[in-house]
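A note on names: the letters A, B, ... follow the listed sequences, proteins ahead of strands, and every chain is numbered from 1. What's counted below: heavy atoms across the whole structure, side chains too, no hydrogens, waters or symmetry copies.
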Number of protein chains: 2
Amino acid sequence: MASNQTGPQPSKITVHDIAGKAGVSQSTVSKVLNGYPNLRESTRKKVLQVIEEMGFVPDQIARSLVKNKTGTIGLIVGDIANPFFSETSKTIIAKARQYGIDVIISDTDYDNAIMQKSLSAMLARRVDGILVASVEREDPNIDRLVERKFPLILYNRKTDNERANYVVSNNSSGSRLAVEHLIELGHTKICFLSGSNKYSTFHQRYEGYKKTLEKHGIPFRPEFVYMQNNPETGLCGFIHDVLRLEDRPTAFFAATDQLAIQTMNLVSKMGYAVPEDFSIVGYDDIEISSNPFVGLTTVSQNNRLMAETALEKLLGLINGDISAEQPIQIVLESELIVRKTTSRARET
Amino acid sequence: MASNQTGPQPSKITVHDIAGKAGVSQSTVSKVLNGYPNLRESTRKKVLQVIEEMGFVPDQIARSLVKNKTGTIGLIVGDIANPFFSETSKTIIAKARQYGIDVIISDTDYDNAIMQKSLSAMLARRVDGILVASVEREDPNIDRLVERKFPLILYNRKTDNERANYVVSNNSSGSRLAVEHLIELGHTKICFLSGSNKYSTFHQRYEGYKKTLEKHGIPFRPEFVYMQNNPETGLCGFIHDVLRLEDRPTAFFAATDQLAIQTMNLVSKMGYAVPEDFSIVGYDDIEISSNPFVGLTTVSQNNRLMAETALEKLLGLINGDISAEQPIQIVLESELIVRKTTSRARET
DNA sequence: CTGAAAGCGCTTACAG
DNA sequence: CTGAAAGCGCTTACAG
């Protein structure tokens with residue numbers, strides 16, 4: 001009976017208190033709480049009334065312990081300040097709330113060590129399932145969860161593990177859309193600007209770029225490819241170098257809107273005009289891109305659908321509506337949005 | 001002994017299993033887990049080894065139940081897709097992780113009903129404390145928590161409740177910076193564009209705008225103020241109306257970068273140039289604003305500091321390092337960042 | 001239709 | 001230095 005140091009904290013009222021006031025047993029209170037059917041209507045009423053009067057809210061921690069289910073899921077993103085992640089998180093959080101489930105969020109900053117820690121913290125906290133928005137193509141921690149058949153859905157990026165559940169968009173065909181648009185405009189010297197190959201998204205966008213060139217009989221040129229692990233540092237140097245080439249590019253296809261916008265900034269600082277001197281296509285259709293001041297031509301993924309699908313499948317897995325035997329593997333199509341950063345190539 | 005429907009889920013290993021293998025009692029295992037000092041070094045070693053071997057991770061749910069502490073906090077934002085909220089969330093999530101505490105996130109979409117539900121869900125889930133990034137000036141649910149002295153820190157926006165803990169920036173002086181900059185450039189006909197008055201941020205920015213005009217002997221004109229509850233809908237109409245006035249404004253001070261950028265778009269569509277025809281100042285310094293294509297002059301809050309301070313204070317409250325007797329009320333200063341959307345007024 | 005009892009997986013006095 | 005026991009706040013068979 002130590003005095004509570006936080007002061008007049010209304011000392012927790014429990015199912016036991018309700019039972020007392022209502023003149024029933026704990027079990028009965030619990031049964032009304034859980035919608036148990038065979039209860040006399042009058043006792044249900046009475047209990048409900050006392051609960052209301054005392055403002056009782058059952059303790060989810062205790063409930064979780066016995067039910068072996070917490071009503072929480074984990075959400076792991078690469079960078080919540082990146083619009084793609086925050087927009088999909090918003091969808092997931094809103095939808096989860098509708099189902100009464102809470103989300104524990106983690107931001108890995110694309111760091112494997114943090115990913116691992118987040119995963120194990122979430123498991124220790126007994127989340128019912130996990131959504132991962134950014135994995136590398138190889139990730140042993142994810143493999144372990146897949147093997148255990150722990151409810152897990154990767155979205156946006158997937159691992160190479162063939163048994164993993166994922167909801168991604170068709171990055172290869174997205175690239176094809178972008179590159180063919182450029183080709184139709186008469187461009188043949190097209191640079192590819194991208195993030196690291198260790199992510200399936202960039203890997204596939206890169207493959208799509210190469211295949212599309214090949215399909216149209218355009219030679220692939222390694223010196224036209226920028227695919228740094230650290231996309232922020234070297235872009236400026238790359239652009240300068242590639243523009244110094246005798247046979248320089250007339251167009252840039254960036255695997256990311258952020259990269260596309262940086263490129264726009266760089267070339268305008270160098271005195272060039274977009275799209276007059278260079279056509280630029282991005283990928284992602286983040287919010288800024290549609291801003292009239294930017295007007296970036298880009299490949300748009302259906303973020304909302306991706307996030308909703310991922311959550312829906314996860315919940316299905318959790319409550320057993322969906323069998324965990326067959327991996328869930330969903331590929332969404334993307335579309336090209338033509339705005340004002342692309343135009344006909346000057347020299348054909 | 002029902003067969004587990006999820007299959008070869010490695011049936012949960014407990015402190016009891018560890019105790020068995022290590023030849024000690026549960027209590028002892030628990031003691032090494034909790035760093036209890038008086039233990040023979042050899043038994044500690046032994047237990048640690050078994051834990052390692054079996055890959056045992058203690059169940060946080062069970063631990064939370066008995067410790068009456070969950071190691072989680074709640075984070076409530078108005079709109080995670082808004083850069084201000086996602087950037088501050090990132091800071092909070094990262095810092096919380098360093099302390100080993102998990103964050104349950106909620107996005108209210110500025111809806112009071114969702115706010116209330118989020119709050120009670122978090123309490124039921126027994127979070128150790130709550131951070132709220134967007135409250136209205138009046139909020140009875142918050143008042144109740146304040147009265148109970150539940151660990152709670154408001155940041156960015158605060159309620160009118162004088163006992164509430166908060167970390168905000170000085171919105172009034174931020175406005176003064178913006179308006180005086182415009183006045184120095186020779187502007188006297190300055191519009192104020194803002195979100196709803198029901199938020200302390202906008203309320204104070206509005207007050208700052210009015211006071212600064214007054215201080216400089218410039219008459220306040222109600223027709224120059226746009227302060228809709230729904231900022232997205234009516235801006236276009238307002239701009240058109242105000243520009244049709246005989247004595248029309250030469251500058252716009254927007255209480256939000258988003259509003260400022262929308263205004264830039266609107267007036268450019270109408271054929272005007274910024275800053276030649278109109279000067280525009282924003283508030284927030286979101287990422288796009290520094291983009292060379294936008295180059296918005298704006299008031300910058302120290303988001304990172306605000307978020308860090310809020311979390312730090314919350315943790316202090318939770319572990320009792322900070323007394324809950326005196327409200328924690330911190331006001332951070334902001335600065336003006338002059339870029340290229342403001343210039344000298346044409347007609348003086 | 002209702003209640004007594006056991007138990008979820010831990011921790012914490014209390015004894016020894 | 002270590003263990004037996006009680007308990008955190010619920011739910012769930014099992015009896016009746």
Practice item. Starting at atom NZ of A/K12, determine the distance to atom C1' of D/dG7, rounded to an integer number of angstrom. Key: 15 Å
Study note, to complete from the structure: From NZ of A/K45 across to C1' of C/dC1 the rounded distance in Å is 16 Å
Exercise for review: Report yes if at least one side-chain N or O of B/S25 is closer than 4.0 Å to OP1 or OP2 of D/dT2; otherwise report no.
Suggested key: no
**Study point:** Between C1' of D/dC10 and CZ of B/R126, the distance in whole Å
**Key:** 10 Å
Check your understanding: Between atom CD1 in B/I13 and atom P in C/dG9, what is the gap in whole Å?
Key -> 12 Å
Point to revise | Selection: residues 47-66 of chain A, any non-hydrogen atom under 4.0 Å of DNA chain C | key: A/L65, A/V66
**Study point:** For B/F150 against B/I130, the heavy-atom pair lying closest together
**Key:** CE2-CG1, 3.7 Å
**Study point:** NZ/NE/NH1/NH2 to OD/OE distance under 4.0 Å, B/E147 and B/R144
**Key:** no
Practice item. Please determine if A/K12 and A/D17 form a salt bridge, counting it only when a charged side-chain N lies under 4.0 Å from a carboxylate O. Key: no
Review point. Is A/N34 reaching over with its side chain to a backbone N or O of A/Y36, donor-acceptor style, under 3.5 angstrom?
Key: no
Review point. Any chance CD of B/E53 has more than 12 other-residue heavy atoms, nucleotides or ligands included, within less than 6.0 Å?
Key: yes
**Study point:** Separation of D/dT11 P from A/L39 CG (nearest whole Å)
**Key:** 13 Å
**Study point:** Which residue lies more 5' along DNA chain D, comparing B/S42 with A/H16 via nearest heavy atoms
**Key:** B/S42
Practice item. Would you indicate, yes or no, if D/dC1 has its OP1 or OP2 atom less than 4.0 angstrom from a side-chain nitrogen or oxygen of B/T43? Key: no
Exercise for review: Decide if atom CD of B/E52 counts as having more than 12 heavy atoms of other residues, nucleotides or ligands within a radius under 6.0 Å.
Suggested key: no
Dump every N/O contact between nucleotides 14-16 of chain D and the protein below 3.5 Å, one line per pair.
none

Review point. Got more than 12 heavy atoms from elsewhere within 6.0 Å of CD, A/E138?
Key: no
Practice item. Output, in order, the C-alpha distance, side-chain angles, deciding distance and verdict of side-chain hydrogen bond (donor to acceptor under 3.5 Å, both in side chains) for A/S118 and A/S106. Key: CA-CA 6 Å; A/S118 300; A/S106 172; 2.6 Å; yes
Check your understanding: Nearest to the side chain of B/Q26, which nucleotide is it out of C/dC10, C/dG9, D/dT2?
Key -> C/dC10
Revision key, fill the gap. Assert: residue with more 5' nearest nucleotide on DNA chain C, out of A/S27 and A/P37, is A/P37
Revision key, fill the gap. Pairing partner of C/dT2, by Watson-Crick or G-U wobble and under 3.5 Å for both distances, is D/dA15
Exercise for review: Calculate the interatomic distance between A/N38 atom CG and C/dC1 atom P; express it in whole Å.
Suggested key: 6 Å
Review point. Just wondering, are more than 12 heavy atoms of other shown residues or ligands nearer than 6.0 Å to NZ in A/K313?
Key: no
Check your understanding: NA contact type, B/V29, heavy-atom cut-off 4.0 Å: base, sugar-phosphate, or nothing?
Key -> nothing
Review point. Can you tell which of C/dT2, D/dG3, C/dC10 lies closest to the side chain of B/T14?
Key: C/dC10
Exercise for review: Identify which one of A/L75, A/I73, A/I76 satisfies the side-chain contact (heavy atoms from CB on, under 4.5 Å) criterion when paired with A/M122.
Suggested key: A/I76
Practice item. Answer with base, sugar-phosphate or nothing: what part of the nucleic acid does A/N68 contact at a heavy-atom distance below 4.0 Å? Key: nothing
Check your understanding: Counting just side-chain N and O atoms, does B/T28 come under 4.0 Å of either OP1 or OP2 of D/dG3?
Key -> yes
Exercise for review: Provide, to the nearest angstrom, the distance between the CG atom belonging to A/D17 and the C1' atom belonging to D/dC8.
Suggested key: 14 Å
Point to revise | Euclidean distance, atom NZ of residue B/K67 to atom C1' of D/dG9 [Å, nearest integer] | key: 18 Å
